[in-house]
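Quick caveat: nothing in here was measured; it's all calculated off a predicted structure. Lettering of chains follows the sequences in order, A, B, ..., and the numbering in each one begins at 1.
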Amino acid sequence: MGHDPWTELRDRAEQVRRTIESELRVTTPGVLQEAPADHGLFALAAHTWAKELKTSPASIATRASRVKPVSPFAPLRAEGPYVNFTVDPAPFAELVLSAVRSDGETYGTSPARKERVLLEHTSANPTGPLHVGRARNPFLGDALVRLMRAAGYKVTSEYLVNDIGRQMVLLYWAVAHLPEDPSDSEERIEYRYVKLYQKASAKLEGDETLKREIERLTQRFEGGDVQLTKDIRKVGEAVLGGILETLRRVNVTYDSFFWESDAILDGSVQRVIERLMPLGKEEDGARYLDLTGFGLEGDAAKYFFVRRDGTSLYTTRDIAYHLNKMGRCDVAIDVIGEDHKLSFQRLKAAFQLMGIDWAPETIFYAFVNLPEGRMSTRKGRVVYLDDLIDEAIDRAYAEVAKRREDLPEARKREIAQTIGVAAVRYNIVRVQAEKAITFRWEEALSFEGNSAPFLQYAHARACSILAKADGHGPSDLRLLVHPQEQMLIRWIAKFPSTVREAAEGRRVHAVAGYAADFASQFNLFYRDCPVLAAEPASLRGARLGLVDASRVVLRNALDGLGLTAPKEM
RNA sequence: GGACCCGUCGCCUAGCACGGAUAGGGCACCGGAUUUCUAAUCCGGCUGUCGAGGGUUCGAAUCCCUCCGGGUCCGCCA
């Protein structure tokens, strides 16, 4: 475990770079960059030294290229103003593929790190089913959990259950007082509840008696009425159960849950209030922190933590929650919607004001909107994640049925589910989190080109070859000199560092892009290099080894994104 | 009004943190490849003032400034 051939190659190239610099007697260090595919593995731009040596980059490159490189690099080549590092195919193939062989199925993972990471994601309020506008959160969060684990971090995934606040009280009231529509055929509880919630929400407009009722309940609730808290929590638990069921369908699970009501019941919210009191200012009986000077001004700088009636606010509970987190990890990562940006800026400022030298890391994502605007559960303008999943699986089934009449029904269903779910996840995760997405059915259900089935298909192809091979037989890796074999080996080499850098930079989409490129390279190899029919036997064996290595890379890349790699499709 | 984010072929998108070789993909459209390991594949064609302008630099999609367009936020809501 833990081999990283690309970094190994880069280190060797850096060694050569230093030799070049001492030969040239230059003091400015050059920057080793990855070379375009047809110019070797790495390159140095000689422009860097032109000023210092007072000659042209091209002539410097020529001089530099006389330096003898180390294995597996071939003699350096000057091409225009660049010094290119190409490799000798045979030792290159051996270096990379022996690394894969010794790591086996774990190739791509990095050695354990000491940081404990607590990664919070999704944390949707338990007031209704998960909708697509929120779906970015679990897909991004879960993929990051997986990739960080592969990169060696010790990661705990957590869901903050927000069972406090007016929304929860209103849902509780609706469930307790409104009759369910007897013709309602919905089986799942959160779908039935959300309809009651929408009704109550509509009724609230202009109904003063109900408004007062909800206010009274809210006060009792937040004042610490244990029985009421338990009753409301029961409603929250039911809805959360449904949300988690939806998430399980798309392979998202959690290690732990934190209930906001617990922070009230165990007194930690009260302790936060007492701690903030001396730091706060007063306005009409309410209390706030003045965060002017932390890059905030005006109303944005007022961070209220106690209402006039003495009850806590979301902000207060958020501080309590993050103080709790602080004690449980080295790095806390919160995956949240960009609407929380100001909140977190204030939370971090509040921590500074409290003299706490720690802050959670944040990953903000832009919303998935409908062409007609933002999704809203309250207004009923939503696409539920379950519906998207159902539709994706249906379409995948149609495709599988078309292609694989030979398979038994159950197997076709299984494959359709694998493909449909992956397609939905991949379409979200391939895009940078900060970019806004407009949800369109045709795009969300794309099965061609840059899509999950494209990656899965490459994996299935690899598996299919291996299944037919019946053992590898003799193998000589030095025979893998075909340009497309070499290109594939290069991509295999890059896998571990790609995962590690994506995890360190919290850039999930980088792995999605890598996986697509890799699948593409594998398809080119598949086209150009017959495997089972290859002669001599030692070339066949070597190609089988290459296919197996590709299989491991694809499987682990897909897994890091939370996508299942099917053996056939 | 202020703060933060985004702006790359008709549409979606990578590259930007760390500046270097003709800005990569995909969709759509047109044309081709299947007696060969699954054609959910592959090949060719078409499409780009990298939002605009200025600056820094030998070199800018990438860094800096200004502006424009879009998103998000600025509750004693969560």
Below 4.0 angstrom from OP1 or OP2 of B/A40, is there any side-chain N or O of A/Arg403?
-> yes
A/Asn84 near the nucleic acid: base, sugar-phosphate alone, or nothing, with a heavy-atom cut-off under 4.0 Å?
-> base
Rounded off to whole Å, could you give me the CZ-to-C1' distance for the A/Phe525 and B/C42 pair?
-> 15 Å
Report yes if a side-chain nitrogen or oxygen of A/Arg317 is closer than 4.0 Å to either non-bridging phosphate oxygen (OP1 or OP2) of B/A78; otherwise report no.
-> yes
Given atom CD of A/Gln33 and atom C1' of B/G19, what is their separation to the nearest angstrom?
-> 10 Å
Just to confirm, is there a sub-4.0 Å distance from OP1 or OP2 of B/C77 to any side-chain nitrogen or oxygen of A/Arg307?
-> yes
If each of A/Ala519 and A/Gly505 is mapped to the nucleotide of RNA chain B with the nearest heavy atom, which maps nearer the 5' terminus, i.e. the 5' end?
-> A/Gly505
Go through B/C77, B/A40, B/C37 for me and flag the one nearest to the A/Glu399 side chain.
-> B/A40
Distance between C1' atoms of B/C29 and B/G71 (Å, rounded) | 31 Å
Would one find a side-chain N or O of A/Arg346 under 4.0 angstrom from OP1 or OP2 of B/G75?
-> no
Closest-nucleotide 5' rank along RNA chain B - winner of A/Ile164 and A/Gly295 = A/Gly295
Are A/Asn369 and A/Thr438 linked by a side-chain donor-acceptor pair shorter than 3.5 Å?
-> no
How long is the line joining CG of A/Leu276 and P of B/C76, in whole Å?
-> 16 Å
Using the P atom in both, what is the distance from B/G7 to B/G44, to the nearest Å?
-> 29 Å
Please give, in whole Å, the distance from B/C4 C1' to A/Ile336 CD1?
-> 13 Å
Which of these nucleotides, B/A40, B/C74, B/A39, is closest to any side-chain atom of A/Met569?
-> B/A40
With C1' as the reference atom in both, quote the distance from B/C5 to B/C16 in angstrom, rounded to an integer.
-> 15 Å
Whole-angstrom distance between B/A78 and B/C74, as gauged at atom P = 13 Å
Regarding A/His322 and A/Asp334, is there a side-chain donor-to-acceptor distance under 3.5 Å anywhere?
-> yes
Picking from B/U72, B/A39, B/C42, the nucleotide nearest the side-chain atoms of A/Leu524 would be B/C42
When you check the phosphate oxygens OP1 and OP2 of B/C27, does a side-chain N or O of A/Ser446 lie under 4.0 Å from one of them?
-> no
Minimum heavy-atom separation for A/Phe85 to A/Ala13, with atom names?
-> CE2-O, 3.7 Å
Rounding to the closest angstrom, what is the interatomic distance between B/U22 and B/U66 at atom P?
-> 32 Å
Pairing annotation in dot-bracket form, given for RNA chain B with Watson-Crick or G-U pairs under 3.5 Å and | for cross-strand partners = (((((((..((((......[...)))).(((((.......))))).....(((((..]....))))))))))))....
Check the surroundings of atom CD in A/Glu372: do more than 12 heavy atoms from other residues, nucleotides or ligands lie under 6.0 Å from it?
-> yes
Between B/U36 atom P and A/Lys468 atom NZ, what is the distance in whole Å?
-> 11 Å
Reckon A/Lys435 has a side-chain N or O less than 4.0 Å from the OP1 or OP2 of B/G7?
-> yes
Which listed nucleotide (B/C73, B/U38, B/C12) is nearest to the side chain of A/Arg430?
-> B/C12
Phosphate OP1/OP2 of B/C74: any A/Lys341 side-chain N/O under 4.0 Å = no
Can you find a side chain N or O atom of A/Arg166 that sits less than 4.0 Å from OP1 or OP2 on B/G75?
-> no
Above 12 or not: heavy atoms from other molecules or residues under 6.0 Å from CZ of A/Arg404?
-> yes
A/Glu434 has its side chain closest, among B/C16, B/A14, B/C6, to B/C6
Verdict with reasoning, A/His131 to A/Phe439, per ring pair (Phe, Tyr, Trp, His ring centres under 6.0 Å) | CA-CA 11 Å; A/His131 63 68; A/Phe439 178 84; over 10 Å; no
Between A/Arg461 and B/A39, is there a side-chain N or O to OP1/OP2 distance below 4.0 Å?
-> yes
Quick one: which of B/A21, B/U38, B/A14 gets closest to the side chain of A/Gln432?
-> B/A14
Should we count NZ of A/Lys51 as having more than 12 external heavy atoms under 6.0 Å?
-> no
Determine the contact category for A/Glu442: base if any of its heavy atoms lies under 4.0 Å from a base atom, sugar-phosphate if only primed atoms, P, OP1 or OP2 are that close, otherwise nothing.
-> nothing
Of all the choices, B/U38, B/G15, B/A78, which nucleotide is nearest to the side chain of A/Tyr314 once you look at every atom?
-> B/A78
Are A/Tyr303 and B/C76 close enough that a side-chain N or O sits under 4.0 Å from OP1 or OP2?
-> no
Begin from the C-alpha positions of A/Arg233 and A/Asp262 and carry the test salt bridge (charged side-chain N to carboxylate O under 4.0 Å, His left out) through to its verdict.
-> CA-CA 10 Å; A/Arg233 174 152 170 170; A/Asp262 282 346; 2.9 Å; yes
Can you tell which of B/U13, B/U38, B/C77 lies closest to the side chain of A/Leu313?
-> B/C77
Pick the P atom in B/G51 and in B/C9, then give their distance to the nearest Å.
-> 8 Å
A/Phe367 CZ - B/C5 C1' separation (whole Å) | 12 Å
Hey, is the side chain of A/His47 poking within less than 4.0 Å of OP1 or OP2 on B/U57, counting only N and O atoms?
-> no
Assign A/Lys51 to base, sugar-phosphate, or nothing according to its heavy-atom contacts below 4.0 angstrom with the strands shown.
-> sugar-phosphate
Verify the neighbour count for atom CG of A/Asp470: are there more than 12 heavy atoms of other residues, nucleotides or ligands below 6.0 Å?
-> no
Between A/Asn523 and B/C42, does any side-chain N or O lie under 4.0 Å from OP1 or OP2?
-> yes
Separation of the P atoms in B/C12 and B/U49, to the nearest angstrom = 15 Å
Report the C-alpha separation of A/Gln456 and A/Tyr426 in whole Å, then their side-chain angles, then the decisive distance to 0.1 Å, and conclude whether the side chain to side chain donor-acceptor pair (under 3.5 Å) test is met.
-> CA-CA 11 Å; A/Gln456 293 175 309; A/Tyr426 184 80; over 6 Å; no
Provide the distance between the two P atoms, one in B/G25 and one in B/C63, to the nearest whole Å.
-> 24 Å
